[in-house]
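Just below is one structure, and these are the notes that go with it.
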Protein chains: 2
Amino acid sequence: MDTTQRTDQQRSADRRRRELLEAADRVVLRDGPQASMNAIAAEAGITKPILYRHFGDKGGLYAALAKRHTDALLDSLRAALDAPADRRERVESTLDTYLAAIEARPQVYRFLMHPAEGGGGADQGFDVGKHSAPLLRRMGEELAQVIEERVDLGPGGQQLARAWGHGIVGMMHAAGDWWLGERPCSRAELVRFLADLLWGRLAAAGDRVGGPGF
Amino acid sequence: MDTTQRTDQQRSADRRRRELLEAADRVVLRDGPQASMNAIAAEAGITKPILYRHFGDKGGLYAALAKRHTDALLDSLRAALDAPADRRERVESTLDTYLAAIEARPQVYRFLMHPAEGGGGADQGFDVGKHSAPLLRRMGEELAQVIEERVDLGPGGQQLARAWGHGIVGMMHAAGDWWLGERPCSRAELVRFLADLLWGRLAAAGDRVGGPGF
DNA sequence: GTGCGATGTTACTAGCGGTAACACGAGTCT
DNA sequence: AGACTCGTGTTACCGCTAGTAACATCGCAC
């Protein structure tokens, strides 16, 4: 039958694709985002043109690679976000989940956040701006949806939820990036700091008196 | 005299350097971060090796270029941050200053945030992670300092201020990036949304009832 | 005039992303 | 059986990049 034939081929191609992605994963995790297509092909035991037949170009490969990790991270975040607990608990647990993820696999994190697409040759027309950090965007949209579903924001709440979604994700990301680089405190402390910020402690704190010069 | 001689030379070299930076600026703003050294040299009316004598490598040129814009942006932010007004007003004016800046010159913004260093050839040893988005880091540290100086955070306030500095900057950045791409609302609205978020409106809002399915 | 240092050039290397052209093995049709 | 197609794989190449070496040239002190 024609269908079974096509299915067989497709299955085989999918398996191959997964193998290639795993090889690419190993190389990217070892060499960083500037891993070359040659190196990836060598790691997979094949040569370049096969990679190009499967993924089109380097951007396609990287997008597929990023999608895997992004999906995995988003799954764990969703679990924390949807837990049956009160809001503060959910916020803290989501922050902690994210920080634990980037702490456990900083290389993956670096790859997702700094794809460093600018290759060498023909990808001149690549629009860096539009493609930048899709993980952040996806997390922002996801969070926005959860906020809109579960928090009563009154009229105009949809735009507000989206702004907050992206804003909170950015806060988490930047603070996490700084924390991962300097490790100035424990993970739990940072979680508390950020949750406190979101809980309005900045507005509630008093002005400092006797400060330097003002 | 030896000193005057050296000073003359140095002055001339500095002037040349500035001219080169301005040419690089034009090209980067036109072609995006993946502008080639050849194109920059051509725009400056010279050839590549001179660029390399002045800036070492592409990273050096880009760092010098980024420093200029970063310094300029930080100056305007400092002005908003240090204004003699109450805290909410200062926060809003700082957010607005930042958003106005990225709105006015999105190309500059793209360049600063997505340097896309991965060139082609020999910069394999480049550590992307360490060099990533220095503007965000500098803004974060700057804001942390202001927070620590002007807000009474009690014991352990220094770490808290730094976490908040980086977190707030990240919030501003991610929300601004999203806003710049989609323009879902006016600048003033976004400023109010984010300030509301920092003012604890997330904690104060009620749970939504009768939402979809939960 | 003569050396010397800065400024500039041309011509090159090595490596990148990406592609065209060719080679082989398995299944299908006649 | 033998020709035909099709997916998989290769080698060899293109145009481009960042970066460098070697050579030319100008201005200036001595």
Side-chain angles (χ1 to χ4, degrees), chain A residues 1-2 4-17 19-20 23-24 27-28 31-63 65 115-126 128 131, chain B residues 1-17 19-20 23-24 27-28 31-63 65 115-126 128:
Chain A
M1 252 230 233
D2 188 48
T4 52
Q5 231 179 43
R6 269 237 302 265
T7 307
D8 269 14
Q9 282 176 195
Q10 202 166 330
R11 271 238 294 246
S12 155
D14 279 9
R15 231 171 39 110
R16 199 88 183 92
R17 190 187 159 94
E19 288 173 15
L20 297 186
V27 176
V28 165
D31 296 354
Q34 75 277 27
S36 81
M37 293 297 265
N38 253 326
I40 293 173
E43 170 73 26
I46 51 162
T47 50
K48 270 195 302 178
I50 301 180
L51 282 182
Y52 284 96
R53 284 224 265 268
H54 273 270
F55 301 102
D57 62 351
K58 188 173 187 174
L61 203 176
Y62 275 34
L65 209 50
E117 22 258 349
D123 58 348
Q124 303 272 61
F126 202 87
V128 177
H131 175 276
Chain B
M1 247 205 175
D2 189 48
T3 10
T4 54
Q5 227 181 46
R6 267 239 302 263
T7 305
D8 270 12
Q9 282 177 193
Q10 202 165 332
R11 273 238 291 245
S12 154
D14 280 8
R15 231 170 39 109
R16 200 86 182 95
R17 189 187 160 95
E19 289 172 13
L20 297 185
V27 177
V28 165
D31 296 354
Q34 75 276 27
S36 80
M37 293 298 265
N38 252 327
I40 294 173
E43 170 74 26
I46 52 162
T47 49
K48 269 193 305 178
I50 301 180
L51 282 183
Y52 283 96
R53 284 222 264 270
H54 273 271
F55 301 102
D57 62 353
K58 187 170 189 176
L61 202 176
Y62 274 34
L65 207 50
E117 20 256 353
D123 58 346
Q124 304 273 58
F126 202 86
V128 175

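For the numbers below, each heavy atom of this structure counts, side chains included, while hydrogens, waters and symmetry mates do not. Residue numbering restarts at 1 for every chain, and letters A, B, ... go by the order of the sequence lines.
With rounding to whole Å, A:E19 atom CD is found 12 Å from D:dT8 atom P. Rounding to whole angstrom units, CZ of residue A:R15 and P of D:dT8 are separated by 12 Å. For the pair A:K58 NZ and C:dT19 P, the computed distance is 14 Å after rounding to whole Å.
Axis angle between the ends of the helix from C:dG1-D:dC30 to C:dT30-D:dA1, five pairs each and rounded to 10 degrees, works out to 30°.
Residues B:F55 and B:L20 have side chains in contact (heavy-atom distance under 4.5 Å, counting atoms from C-beta outward). The side-chain heavy atoms of B:I46 and B:R16, taken from C-beta on, include a pair separated by under 4.5 Å. Within the 4.5 Å cutoff, the side chain of B:L61 has heavy atoms near those of the B:M37 side chain.
Heavy-atom minimum distance, A:A35 versus A:D31: CB-CB, 4.1 Å. For the pair A:A41 and A:K48, the tightest heavy-atom approach, listed with the atom from each and the gap, is CB-N, 3.7 Å. Closest heavy-atom contact between A:V27 and A:A39: CG2-O, 4.0 Å.
Atom NE2 in B:H54 sits 9.5 Å away from atom CD in B:E19 (nearest 0.5 Å). Between A:Y62 atom OH and A:K58 atom NZ the span is 4.0 Å, to the nearest 0.5 Å.
For DNA chain C, the residues of residues 38-54 of chain A within the heavy-atom distance limit of 4.0 Å (strictly under) are A:K48, A:P49, A:Y52, sorted by number.
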